[in-house]
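Below is one structure, written out as C-alpha cells; the observations come after it.
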Amino acid sequence: MRDMADFQIPLLALVITMTSTLALAGQSPSSQPTLRQIAGPRLLIGGAIMAADLEDPKVAQLIATELSTVTGGNEFKPDFLQREKGTFTFERADKIIAFAQQHDIKVVGHTLCWHQQTPAWMFQKPDKSPLSREEALDNLKTHIETVMKHFKGKVIGWDVVNEGIADDPKQYIRDTPARRAIGDDIIIQAFKLAHAADPDVELYYNDYNIDAPYKRDRALRLVRDLKAAGVRLDAVGIQGHWLLNSPPASEVDDAITAFAKEGVKVMITEMDVDVLPRKAAGADISATEKAGFDPYKNGIPAGVLQAQGKRYGELFKVFMKHRSDITRITLWGIDDGRSWLNNFPVRGRTNYPMLWDRELHPKPAYEAVRKELLSASTEG
Ligand code: XIL
C-alpha cells in the first residue's frame with residue numbers, strides 16, 4: 001500500500017500555496033486545486049494532445065494547469081516521424097516537447113512499433129509482400145534508434161509496441177506486416193532494440209481490451225514472455241477506450257490486480273468514455289462503421305452527462321484502490337470537441353467522451369474524477 005505521506009505532502013504543499021496566494025490577493029477562492037495538484041507527483045494525470053491544440057491559448061492554459069503528463073495524439077507515430085525512408089520529421093513532436101518543458105509536464109512517446117499509422121516500406125516490399133527478416137529488423141532498428149536518441153531525456157517512457165496481441169482469442173501475436181517480415185518474436189525484438197537505443201527510459205506495452213478476459217490472459221502471457229527473454233518492461237498500458245456501460249468496473253479491477261501480480265506497473269493510457277452507440281468495443285482503428293446514430297447532435301441531456309460522471313467515478317475509484325500499482329492515468333484528448341471519438345468508429349458524429357465540454361468547461365465527469373482523486377489524497 002502507498003504510504004499516507006506520499007499523498008498528503010503534495011496536498012499540504014498545495015493548501016499552503018493556495019492560502020498564501022489568496023492572502024496576497026486578498027480574495028475569496030475562485031479556483032480549486034487542479035487534477036495534477038490533487039494527484040501530486042506520484043500519480044501522473046495526462047491527456048493526449050496535438051501540436052495544433054497548443055496554438056489555442058485557452059487549451060494550452062488548461063493543459064498546463066490540469067495535467068502533469070501529455071502523450072502526442074499522433075506526432076510520435078512512425079508515419080509522422082519517418083513517412084519516407086531516411087527522412088525524419090520531428091518538428092511537430094518537438095513543439096509538444098517544448099511546451100511540456102516550459103510547463104514541467106512529462107511526455108510519453110507513443111509509439112515505436114504499431115500496425116497502424118506506419119509507412120508500408122518499413123516492413124513490406126512495394127508489392128505488399130514481406131521484406132526479409134533482416135531488412136525489416138534493420139528498418140525497425142534505424143527508426144527506433146534515431147527516434148529514441150532524438151528524444152533522449154525529453155520523454156519519460158515509450159509505448160514500444162502498440163496493440164501487438166491478436167483480437168482473435170485463438171491467436172497470440174497479431175498478424176501484421178511487421179510480424180510477417182520479422183516473425184513471432186517481433187515484440188521481443190522491438191523491446192530489445194528500444195532498450196539498446198536508450199537504456200535509461202521506461203518501456204511500455206500498450207493495448208486495448210487487455211482488461212477484458214478474452215485478451216487479458218494473452219497479455220499476461222506476453223508479460224511473462226518478455227521477462228523470460230530478459231527485456232526491460234516497466235509497465236503495461238491499458239488503453240481504456242470504454243463505453244458508458246461496458247466493461248464492468250470489476251473486470252478492470254481484476255485486470256489491474258493480475259498485471260500487478262506479474263510485477264509490472266499499470267498505466268491507463270488512453271481513457272475516454274464514449275456516450276454514443278457503436279457495434280464494436282475496443283479501439284481497432286480500422287473497425288470503422290459506415291453509419292450510426294448521432295442522437296446528441298444538438299446537445300446532450302443532463303442525465304447522460306450525470307451517468308457518464310458516475311461511470312468515470314466508478315472507474316477512478318478502482319484506479320485509486322490500486323494506487324500503489326498505477327503510476328499514470330492519461331485521457332485520450334482534452335475536451336469533447338477535439339476527441340477522436342467524433343470520428344471513430346463513425347465519421348462526423350457529435351460525441352461527449354471527455355472531462356471538459358466544447359467550451360472547455362468541466363463536466364460532471366470532471367467533478368467525479370476530482371472527487372475520487374481528492375478522497376484518495378486524504379485517505380492515505
Ligand atoms: C488515434 C488518434 O487520436 C487519431 O487522431 C488518429 O486519426 C487515429 O489514432 N489507439 C491508439 C491511438 O493507440 O494511437 C489512437 O489514436 C486511438 C486508438
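Read the numbers this way: they start at 1 and go in the same order the structure lists the ligands and their atoms. Quantities reported herein were computed from a predicted structural model and do not represent experimental measurements.
Residue contacts with ligand 1, taken as heavy atom pairs separated by less than 4.0 Å, do not involve Gln116 at all. In Asn162, the part holding a heavy atom less than 4.0 Å from any atom of ligand 1 is the side chain. Neither the backbone nor the side chain of Phe344 comes within 4.0 Å of ligand 1, counting heavy atoms alone. For Thr111, no heavy-atom contact with ligand 1 is shorter than 4.0 Å. At a 4.0 Å heavy-atom cut-off, ligand 1 does not touch Tyr208 at all.
For Lys215 and Tyr208, the positive end sits near the middle of the six-membered ring, less than 6.0 Å away and at most 45° from its axis. Both tests hold for Arg358 against Tyr352: distance to the six-membered ring centre under 6.0 Å, angle to the ring axis within 45°.
On a distance-only criterion, Trp332 and ligand 1 share at least one N/O pair closer than 3.5 Å. Inclusion of Lys77 in the set of residues having an N or O under 3.5 Å from an N or O of ligand 1 is warranted.
You'll find the side chain of Val147 reaches within 4.5 Å of the side chain of Trp158, heavy atoms only. Side-chain contact between Leu331 and Trp356 is absent, with no heavy-atom pair separated by less than 4.5 Å.
Of all atoms in ligand 1, numbered sequentially from 1 with element shown, those under 4.0 Å from a heavy atom of Trp114 are 14 (O). Close approach of ligand 1 to Asn74 (heavy-atom distance below 4.0 Å) involves ligand atoms 2 (C), 4 (C), 5 (O), 6 (C). Residue His110 has at least one heavy-atom neighbour below 4.0 Å for each of these atoms of ligand 1: 11 (C), 12 (C), 13 (O), 14 (O). The ligand atoms of ligand 1 that sit less than 4.0 angstrom from a heavy atom of His241 are 10 (N), 18 (C).
Ring geometry, Phe344 versus Trp340: the interplanar angle falls under 30°, so the pair is classed parallel (tilted spans 30 to 60°).
Put simply, CD1 on Ile268 and CD on Gln239 are 11.0 Å apart, with the number rounded to the nearest 0.5 Å.
With ring centers used as reference points, Phe90 lies under 6.0 Å from His150.
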